[in-house]
Protein chains: 2
Amino acid sequence: MRRRTWQRAAVQDALTGRYDFVSAQTLHSQLRADGSSIGLATVYRALADLAEEGEADSLRADGESLYRACASPGHHHHLICRSCGRTVEIQADDIETWAASTAAAHGFRDPQHIVDVFGTCGPCALVGASETP
Amino acid sequence: MRRRTWQRAAVQDALTGRYDFVSAQTLHSQLRADGSSIGLATVYRALADLAEEGEADSLRADGESLYRACASPGHHHHLICRSCGRTVEIQADDIETWAASTAAAHGFRDPQHIVDVFGTCGPCALVGASETP
DNA sequence: ACCGGTAATGGGAACCGTTATCAGCTAGCA
DNA sequence: TGCTAGCTGATAACGGTTCCCATTACCGGT
Ligand SMILES: [Mn+2]
Ligand SMILES: [Mn+2]
Ligand SMILES: [Zn+2]
Ligand SMILES: [Zn+2]
């Protein structure tokens with residue numbers, strides 16, 4: 001069974017309180033700055049568990065894993081600001097059927113797909129690439 | 001200017017001689033096994049250069065960069081076998097326009113997208129997940 | 001409330017892919 | 001055939017992640 005610890009709750013709360021994708025190390029720093037004594041390894045474990053349970057989405061960018069507590073419960077994709085990390089959740093049935101039919105057309109079974117769109121969001125485009133509103 | 005060394009040629013040849021995505025370390029091991037004295041750092045540099053020149057495509061999987069000498073010169077995506085790495089190059093104009101319009105619809109500029117499909121190819125489905133034909 | 005077992009924690013070491021360093025080498029050119 | 005700037009490769013360093021393991025604390029049973 002999976003025990004409920006204040007550390008897991010803290011990670012989940014910190015994640016839910018953000019609008020962007022965040023790394024384990026960033027989240028750990030934030031928690032420490034807020035006075036928590038949580039360990040880095042625990043943050044890694046909690047995020048991995050949340051992702052496994054479907055409570056968080058994860059993606060890899062710049063060689064690190066980023067996590068986000070998504071509002072949409074089902075399968076969806078992301079439109080992510082390169083500058084500030086602001087994320088929009090995207091539902092696209094066309095993509096789902098395209099991926100499935102493309103795989104089938106080439107004799108590939110059990111298709112999965114990775115679809116992510118990156119760009120510069122409106123606020124970041126105004127302010128310039130350096131700051132992060 | 002960029003010099004032409006036997007090391008770069010060896011990396012390019014080794015890459016062209018494969019049908020799958022490979023890591024720098026795997027390619028280095030293969031070259032060494034074939035009698036070459038090429039260094040690991042050189043393989044990393046050569047692959048990075050080939051990718052920059054558009055001679056090779058790269059993607060990240062399981063925390064490592066994989067490279068492939070693609071036949072299609074322009075922008076395209078990949079259908080990749082999880083088991084053996086066999087890769088099919090995919091052209092999908094629908095996806096291109098979808099990604100661009102989705103980004104624009106949410107006020108995101110300079111959109112880029114990552115679209116990869118993974119599955120089990122025909123031969124691998126027959127043989128079972130353990131072997132790699 | 002009190003155990004007892006057992007999953008979870010956390011600090012540090014280990015791991016692993018990748019990049020930086022730098023002395024020696026060599027492709028390309030006059 | 002020399003010059004020289006770019007290239008090579010052994011090794012050290014780096015950064016994110018995972019492992020290790022002694023200690024802690026959650027939780028079901030009493
Ligand atoms: Mn999808
Ligand atoms: Mn595309
Ligand atoms: Zn932004
Ligand atoms: Zn296959």
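Model, not experiment: these values are computed from the prediction. Labels below follow one simple rule: chain letters A, B, ... track the order of the sequence lines, proteins then strands, and each chain is numbered from 1.
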Q: Report the C-alpha separation of A/Gln112 and B/Arg82 in whole Å, then their side-chain angles, then the decisive distance to 0.1 Å, and conclude whether the side chain to side chain donor-acceptor pair (under 3.5 Å) test is met.
A: CA-CA 10 Å; A/Gln112 295 176 328; B/Arg82 270 188 296 267; 3.2 Å; yes
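A/Gln7 places none of its side-chain heavy atoms less than 4.5 Å from the side chain of A/Arg45. Using a 4.5 Å heavy-atom threshold, the side chains of A/Leu15 and A/Tyr67 count as touching. By the 4.5 Å heavy-atom criterion applied to side chains, A/Asp57 and A/His76 are counted as neighbours.
Linking Ile, Leu, Val, Met, Phe, Trp and Tyr residues whenever their side-chain heavy atoms come within less than 4.5 Å places B/Trp98 and B/Val117 in a single cluster.
Picking from C/dA20, D/dC19, D/dT17 the nucleotide with the shortest atom distance to the side chain of A/Ala41 gives D/dC19.
Crowding of B/Arg4 atom CZ: a count of heavy atoms from other residues, nucleotides or ligands under 6.0 Å not exceeding 12. In this structure, B/Asp34 places its CG atom where more than 12 heavy-atom neighbours from other residues, nucleotides or ligands lie under 6.0 Å away.
Atoms CD (A/Glu52) and P (D/dT18) sit 12 Å apart, rounded to a whole Å. For the pair A/Asp62 CG and C/dT19 C1', the computed distance is 15 Å after rounding to whole Å. Atom CG in B/Leu40 sits roughly 9 Å away from atom C1' in C/dG17 (whole-Å rounding). With rounding to whole Å, A/Glu64 atom CD is found 16 Å from C/dC16 atom C1'. Between the P atom of C/dG17 and the OH atom of B/Tyr67 lies a distance of 14 Å, rounded to the nearest Å. Atom CG of A/Leu66 and atom C1' of D/dG15 are 14 Å apart (whole Å). Rounded to an integer number of Å, the gap from CZ of B/Arg8 to C1' of C/dT26 is 13 Å. One can place CD of B/Gln25 at 15 Å from P of C/dC15, the figure rounded to the nearest angstrom.
Of the residues in residues 42-51 of chain B, B/Thr42, B/Arg45 come within less than 4.0 Å of DNA chain D through at least one heavy atom, sorted by number. The stretch residues 26-38 of chain B does not touch DNA chain C, since none of its heavy atoms comes less than 4.0 Å from the strand.
Within the 4.0 angstrom heavy-atom criterion, no nucleotide atom of any strand lies near B/Ser23.
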Q: If a protein heavy atom is under 4.0 Å from the base, mark B; if only from the sugar-phosphate, S; if neither, -; do that for nucleotides 25-30 of chain D going 5' to 3'.
A: BBS---
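Between the B/Arg32 side chain and the B/Ile38 main chain, a donor and an acceptor come within less than 3.5 Å of each other.
In this view, B/His106 satisfies the ring pair (Phe, Tyr, Trp, His ring centres under 6.0 Å) rule with no residue, not counting sequence neighbours. Residues meeting the ring pair (Phe, Tyr, Trp, His ring centres under 6.0 Å) test with B/Phe21, sequence neighbours left out: B/His78. A/His113 is linked by a ring pair (Phe, Tyr, Trp, His ring centres under 6.0 Å) to A/His75, A/His77, counting only residues two or more places apart in sequence or in another chain.
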